[in-house]
Amino acid sequence: MSKCFVCTCEDVTIEDVRHAIAKGYRDIESVKRYTGFGTGVCQGKNCLGTVARILAEEGGIAEKAMLPFTPRPPARMISLGELATLPLDVVGDVPGHGVPPPVEPFEQVAPDGFPTHDSHPLKPEGKLPARASVVIVGGGIMGLALAWNLARRGQKDVLVLEEGYLCSGASGRNGGGVRMQWSTPTMVRLAKRSIDLCKSFAREFGINVWFRQGGYLFLAPDEVQAQRLEKNAALHNSLGVPTRMLTPGGAKEVVPQLDGGRFIAAAFNPEDGVVFPWPFLWGYAQGARKLGVRIETFTKLTGIDTAGGRVTSVQTDRGPVQCDVLVNAAGAWSPGIARLAGVELPNEPHRHEICATEPLKPWLGPLVSVLGNGLYFSQSMRGEIVGGMGDPNEPPGLEMGSTLRYLARYSRALIDCIPQTRDLKVIRQWAGCYDVTPDNNPILGETPELPNFLQLNGFVGHGFMMAPAVAELMATWMTGGVKDEIFDRFTLRRFAEGNVVAEDFIIG
């Protein structure tokens, strides 16, 4: 049987695009994330127009709604070695806005980071239901995982509101790592459960999320970081996680290409892994819809009505919806959502950048992270080296532009770690926002002054790996089951009461 390829870089056929349209993904960004077209070497130069024509002819999409997907700099393939020669940061140097503009897909953004009231060309024309038992704000991995878990437990009257397309926020922009190596028993427990659910996800949802357990290898460049790893490894072992300390020689047995002179110790847990984020989110979305959940994209929350110490309804740019429970799962946008109800959250968004190289034959098993500078990288199932690196000078803000500054810092750090990557070329670059709390732990459960306004945010860049476990626990509690201790431990009230224990094993 012959095939007609639309995207030869990623082997996407015209039937794959038609399948996405039939599934309801009718904008270019969503089709890109559903099929993978435009993510290869040509970055859409050879296929974007063809997909747009198919959407217009077979999807019935109006021309004004045919928004091309966001450019992913660099515009040409440049080697890591060349990028590493760019000027490095200096003390006090603040990253610029970069490209593209702050928040996509909307062209205009209000000072609070939310879109202005201009209607998006892909906004659905139909009305929303007059009421729903549960309204979830945020169509990312947290909101969709919760929706599916609620429906699975019988609560099917659930409405999910997403102001952009699915995968437009952090869920579509992360590195996909899932690790058990944390510094507190609670986080280790949650991560273990998430990994168990990752193992069964493809079977449960009928979608391949490319989950593989190649492990996480943490490298300690000095004695202080080595002691952190040793302390954490002892905790992990006490909880049944097989983390083991390695010498530089032992680490090179795991990744022979490492520069062994750059670190003095390492920790390795072979049961950590990496998952491809996009299909993971599609799986939850499709599963929730099959169970009766209504998911409305390009729909903006504009207000929250309260009376008698409770949320009574929400206002949207498509009309009001009464509700019994409102869940704030908007990630980096969650403080703005809470503010609509007069609630102040301590979360702050912080940009984190990431990039992917040209594909190589498989050679890298684990996700590697260097403590101290925040470098992390792994090899995707498509062979790309996908990695990121935090920037201590990054100011808070809903900023998702891409910068040369990041590429220079990341390239230098990656080459220092593995010199053979010098000639690798970067094919795309993007950014997302960590949803950062003062103690690096999430904000979960009831809002003190509005008990039926539930918080599900503040995961500090690690929400994707925690979502399966946390959503399961929250749905169990919301449907009358046991309330897990995390909904008391990580309540918003802790910041006012001073009952804060910080998580210090954040990377990126």
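The first residue in the sequence is number 1, and the count goes up from there. Quick caveat: nothing in here was measured; it's all calculated off a predicted structure.
The ring-ring contact (aromatic ring centres under 6.0 Å, His included) search around His352 returns Tyr434, not counting sequence neighbours. In this view, Trp477 and Phe487 satisfy the ring-ring contact (aromatic ring centres under 6.0 Å, His included) rule, not counting sequence neighbours. For Tyr410, the ring-ring contact (aromatic ring centres under 6.0 Å, His included) partners are Tyr406, not counting sequence neighbours. Contacts of Phe490 classified as ring-ring contact (aromatic ring centres under 6.0 Å, His included), with partners at least two apart in sequence or in another chain: none.
Note that the CE atom of Met187 and the CG atom of Asn440 stand 9.0 Å from one another [nearest 0.5 Å]. If you take CD1 on Ile354 and CG on Asn174, they are separated by 7.0 Å, rounding to the nearest 0.5 Å. Distance check: Met478 CE to Asp324 CG gives 10.0 Å after rounding to the nearest 0.5 Å. Atoms CG and CD1, from Leu144 and Ile136 in turn, are 8.0 Å apart once rounded to the nearest 0.5 Å. Considering CH2 of Trp333 and NZ of Lys300, their distance stands at 12.5 Å, rounded to 0.5 Å.
Judged by distance alone, the side chain of Arg294 and the main-chain N or O of Val160 form no donor-acceptor pair under 3.5 Å. Of the possible donor and acceptor atoms, none in the side chain of Asn149 sits under 3.5 Å from a partner among the backbone N and O of Arg153. Side chain of Glu162 to main chain of Gly164: a donor-acceptor pair is present (N/O by atom type, distance under 3.5 Å, no hydrogens or angles). In this structure, Glu353 contributes its side chain and Thr403 its backbone to a donor-acceptor pair below 3.5 Å. Between the side chain of Ser194 and the main chain of Ala469, a donor-acceptor pair closer than 3.5 Å is present. Under a 3.5 Å cut-off, the side chain of Ser168 and the backbone N or O of Tyr165 do form a donor-acceptor pair. Between the side chain of Arg212 and the backbone N or O of Val274 there is no donor-acceptor pair closer than 3.5 Å. Panel note: side chain Thr447, backbone Glu449; no donor-acceptor pair is recorded below 3.5 Å. A distance-only check finds no donor-acceptor pair linking the side chain of Thr306 to the backbone of Val311 [under 3.5 Å]. A side-chain donor-acceptor contact under 3.5 Å links Thr479 to the backbone of Thr476.
Taking every heavy atom of both residues into account, Gly59 and Arg26 meet most closely at O-NH1, 2.8 Å. Across Glu10 and Gly36, no two heavy atoms sit closer than the pair CG-O, 3.5 Å. The two residues Leu146 and Ala475 have their closest heavy-atom pair at CD1-N, 3.8 Å.
A donor and an acceptor atom, one from each side chain of Asn269 and Thr243, are nowhere located under 3.5 Å apart. Of the N and O atoms on the side chains of Gln455 and Asn328, at least one donor lies less than 3.5 Å from an acceptor on the other residue. Using modelled atom types, one finds a donor on one side chain and an acceptor on the other under 3.5 Å when comparing Asn347 with Ser334. Residues Arg382 and Thr39 bring a donor and an acceptor atom of their side chains to less than 3.5 Å of each other.
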Could you give me the CA-CA distance, side-chain angles and deciding distance for Gln181 and Asp272, then say whether side-chain hydrogen bond (donor to acceptor under 3.5 Å, both in side chains) is met? CA-CA 8 Å; Gln181 296 188 67; Asp272 292 334; 3.0 Å; yes

Test log, rule salt bridge (Lys or Arg N to Asp or Glu O under 4.0 Å), inputs Asp488 and Arg493: CA-CA 9 Å; Asp488 293 320; Arg493 186 180 290 111; over 6 Å; no

Glu271 and Lys192: salt bridge (Lys or Arg N to Asp or Glu O under 4.0 Å), yes or no, with the steps? CA-CA 9 Å; Glu271 295 186 357; Lys192 285 182 66 176; over 6 Å; no

Go through Glu204 and Ser200 one step at a time and tell me if the side-chain hydrogen bond (donor to acceptor under 3.5 Å, both in side chains) criterion holds. CA-CA 6 Å; Glu204 177 81 39; Ser200 61; 5.5 Å; no

Give the intermediate values and the outcome of side-chain contact (heavy atoms from CB on, under 4.5 Å) for residues Val135 and Val327. CA-CA 6 Å; Val135 172; Val327 181; over 6 Å; no

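You'll find the side chain of Gln315 reaches within 4.5 Å of the side chain of Asp305, heavy atoms only. Between Asp435 and Val460, the closest side-chain pair of non-hydrogen atoms is not below 4.5 Å. Within the 4.5 Å cutoff, the side chain of Met400 has no heavy atoms near those of the Arg351 side chain. Within the 4.5 Å cutoff, side-chain heavy atoms of Gln155 are placed close to those of Ser133. Side-chain contact between Glu472 and Leu197 is present, with heavy atoms from C-beta onward closer than 4.5 Å.
The local environment of NZ in Lys483 is crowded, with over 12 non-hydrogen atoms from other residues, nucleotides or ligands closer than 6.0 Å.
Note: His462 and Trp182 meet the aromatic proximity criterion, with ring centroids under 6.0 Å apart.
Between Val31 and the choices Leu55, Val12, Ile54, the side-chain contact (heavy atoms from CB on, under 4.5 Å) rule is met once, by Leu55. Between Leu492 and the choices Val343, Thr437, Leu444, the side-chain contact (heavy atoms from CB on, under 4.5 Å) rule is met once, by Val343.
Among pairs with a residue in residues 183-207, those fulfilling ring pair (Phe, Tyr, Trp, His ring centres under 6.0 Å) read Trp148-Phe205, Phe201-Phe205, Phe201-Phe280, Phe201-Tyr284, Phe205-Tyr284, at least two apart in sequence or across chains.
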Just list the side-chain donor-acceptor pairs under 3.5 Å for residues 501-508, sequence neighbours left out, or say none.
{"residue": "Glu503", "atom": "OE1", "partner": "Ser183", "partner atom": "OG", "Å": "3.3"}
{"residue": "Glu503", "atom": "OE1", "partner": "Thr184", "partner atom": "OG1", "Å": "3.3"}
{"residue": "Glu503", "atom": "OE2", "partner": "Ser183", "partner atom": "N", "Å": "3.4"}
{"residue": "Glu503", "atom": "OE2", "partner": "Ser183", "partner atom": "OG", "Å": "2.5"}
{"residue": "Glu503", "atom": "OE2", "partner": "Phe505", "partner atom": "N", "Å": "3.0"}
{"residue": "Asp504", "atom": "OD1", "partner": "Ser183", "partner atom": "OG", "Å": "3.1"}

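Using bins of under 30°, 30° to 60° and over 60° for the plane-to-plane angle, the ring pair Tyr34/Trp282 lands in the perpendicular bin.
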